[in-house]
There are 2 protein chains.
Amino acid sequence: MASTEGDRRPKYQRIADSLREAIRAGTYGPGDRLPGENDLMTAHGVARMTARQALGVLQNEGLAESRKGAGVFVRAFRPLRRQGIQRLAREQWGAGRSIWSADAENRRVVVDQVAVSEEVAPEAVRKVLDLGGEDTVCVRRRRYVLEEKPVLLATSYLPASLAAGSAIAHEDTGPGGIYARLAELGSRPVHFREEIRSRMPTKEEAEQLSISPGTPVILIHRTAFADEGRPVEFNEMTLDAASYVLEYGFDA
Amino acid sequence: MASTEGDRRPKYQRIADSLREAIRAGTYGPGDRLPGENDLMTAHGVARMTARQALGVLQNEGLAESRKGAGVFVRAFRPLRRQGIQRLAREQWGAGRSIWSADAENRRVVVDQVAVSEEVAPEAVRKVLDLGGEDTVCVRRRRYVLEEKPVLLATSYLPASLAAGSAIAHEDTGPGGIYARLAELGSRPVHFREEIRSRMPTKEEAEQLSISPGTPVILIHRTAFADEGRPVEFNEMTLDAASYVLEYGFDA
DNA sequence: CTAATAAATATGTCTAGAGATGTTGCATCG
DNA sequence: CGATGCAACATCTCTAGACATATTTATTAG
């Protein structure tokens, strides 16, 4: 019973509601198995496709995920913390604690795949890096994984006129990474701009990040500027939104 | 024809692929109507539910949106720009242009709904604002709309011990907003921390923002600190991800 | 010419099945 | 005791309908 009252909302919505409420109330905790299609069919007396639709709602919301042949399970959210500005962030402003428990330490994100190449700059990159139509860029593509699970794709573009011949064009950029190399080349980044947006992943992104359906990606477009506002690097990052919390701190 | 070859992928996926490709190629531009259920049924010789599933894929990806009784249409993306730090941002580092064309000027975001109340602080808010179990907070809920369409929900929490009796507890907070009032009360915010994440909207969020399915929300949790790291405001913002690009700039 | 009305069209919800495919656990064999 | 195979179970894909509801368009009355 309990489903014969307000018939205004569709059945599948009401079933989804009850499951969502049960998750919120803690009846089903992270990782627990939810009632499956068959359970919902008998419990609510609906057809398979209707029960499916109800479970689909929760999956689309990112609350649950299904494993074929196994069942539908409640998802967990234990995000990594990415700090836009490392300084200032911790001690000084530690009084009001963060919402997201920062127990996410001793979890290590490592590079999984690296590919370096020199390519003709796409138009969008040319615009950002202030390049001409003929200019080439040094492209560094990387993937980061956390405990086997990929969480971040990053593609860096640097003007070939700047990077070619340096360690930036090698897979191993040496201590300090490309920013240390840029500094040695007289183009030390002194300012950064990051643009953030979010959307659902493309097919390719979903595959590369092995994202479960119903999870968006966060896109970060970072431009690094040397002195005199000269752009020296453009970095396009794609993050699994379920794995990250971004943090920015700044003074008034 | 054209659907009897590689039968490895499900039919609905292949139909979705062909539509996605057609959108990418420009066959269907933003706002255009896509082939509907009936069209796909006859074109690919599938059942209604299968054609529906294919269209559902595109809607989940945020590529298309359906209007009941009218059809399925390609979605557009014309984001607003939200600057985390207004200073520094424009002139000084304007050499490398942004990816997202900033033609979004002369579009005005206005407050649509305001509600002010004094409530017992939820636990999460207590933790952030460093309050005890009995303390109450002044809660300001606002909704912002852009040309009739809601784009942002914001809920501010301030310690009642600070805000009660001041203009902060009124709907109209006067010139300069609550930060000016806080300054008058000797609690001028000098530092901000913003935490950003993204996920699919809840039912309530989707309704309040009238979000089309397949669009995530961006959550910004901002904490304002007065001197000595004292947290004085906690602001919980929910943004329609299809309407916003966030921008942060900072020095190395 | 305008406004109300009806018809055609489109998506939304739902049923009752079927076969395909992946997972899990148990029983059996070596 | 370990490995293999199999059966039970779970989700996934798909069909062929039905009725509901919102929109658009064409028609008709004023």
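Chain letters run A, B, ... following the sequence lines, proteins first and then strands; every chain starts at 1.
- The pair R24(A)-E21(A) counts as a salt bridge, with a side-chain nitrogen and a carboxylate oxygen less than 4.0 angstrom apart.
- Protein atom CD of E37(A) is 16 Å distant from nucleotide atom P of dA16(C), rounded to whole Å.
- Between N38(A) and dA10(D) there is a side-chain polar atom (N or O) within less than 4.0 angstrom of OP1 or OP2.
- Closest of all the heavy-atom pairs between F77(B) and Y244(B) is CZ-O, 4.5 Å.
- Of all heavy-atom pairs between R82(B) and R222(B), the closest is NH2-NH1, 3.9 Å.
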Next on the checklist: Generate the contact string for nucleotides 14-24 of chain D. Rules: B means base contact, S means sugar-phosphate contact only, - means no protein heavy atom under 4.0 Å.
Outcome noted: BBB-B--BBB-
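- Closest of all the heavy-atom pairs between M237(B) and A154(B) is CG-CB, 3.9 Å.
- Atom-to-atom, CD of E65(B) to C1' of dG12(C) comes out at 16 Å; the value is rounded to the nearest Å.
- Annotation for A241(B) and I218(B): closest pair CB-CG1, 3.9 Å, computed over non-hydrogen atoms.
- If you measure from atom CE of M41(A) to atom P of dC9(D), you get 15 Å, rounded to the nearest angstrom.
- Going from atom CD1 of I15(A) over to atom C1' of dT15(C) covers 13 Å, rounded to whole Å.
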Next on the checklist: Applying salt bridge (Lys or Arg N to Asp or Glu O under 4.0 Å) to D17(B) and R20(B), what does each step give before you reach the verdict?
Outcome noted: CA-CA 5 Å; D17(B) 287 350; R20(B) 196 187 296 109; 2.8 Å; yes
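- Computed from coordinates, the H44(A) NE2 to dC14(C) P distance equals 12 Å when rounded to whole Å.
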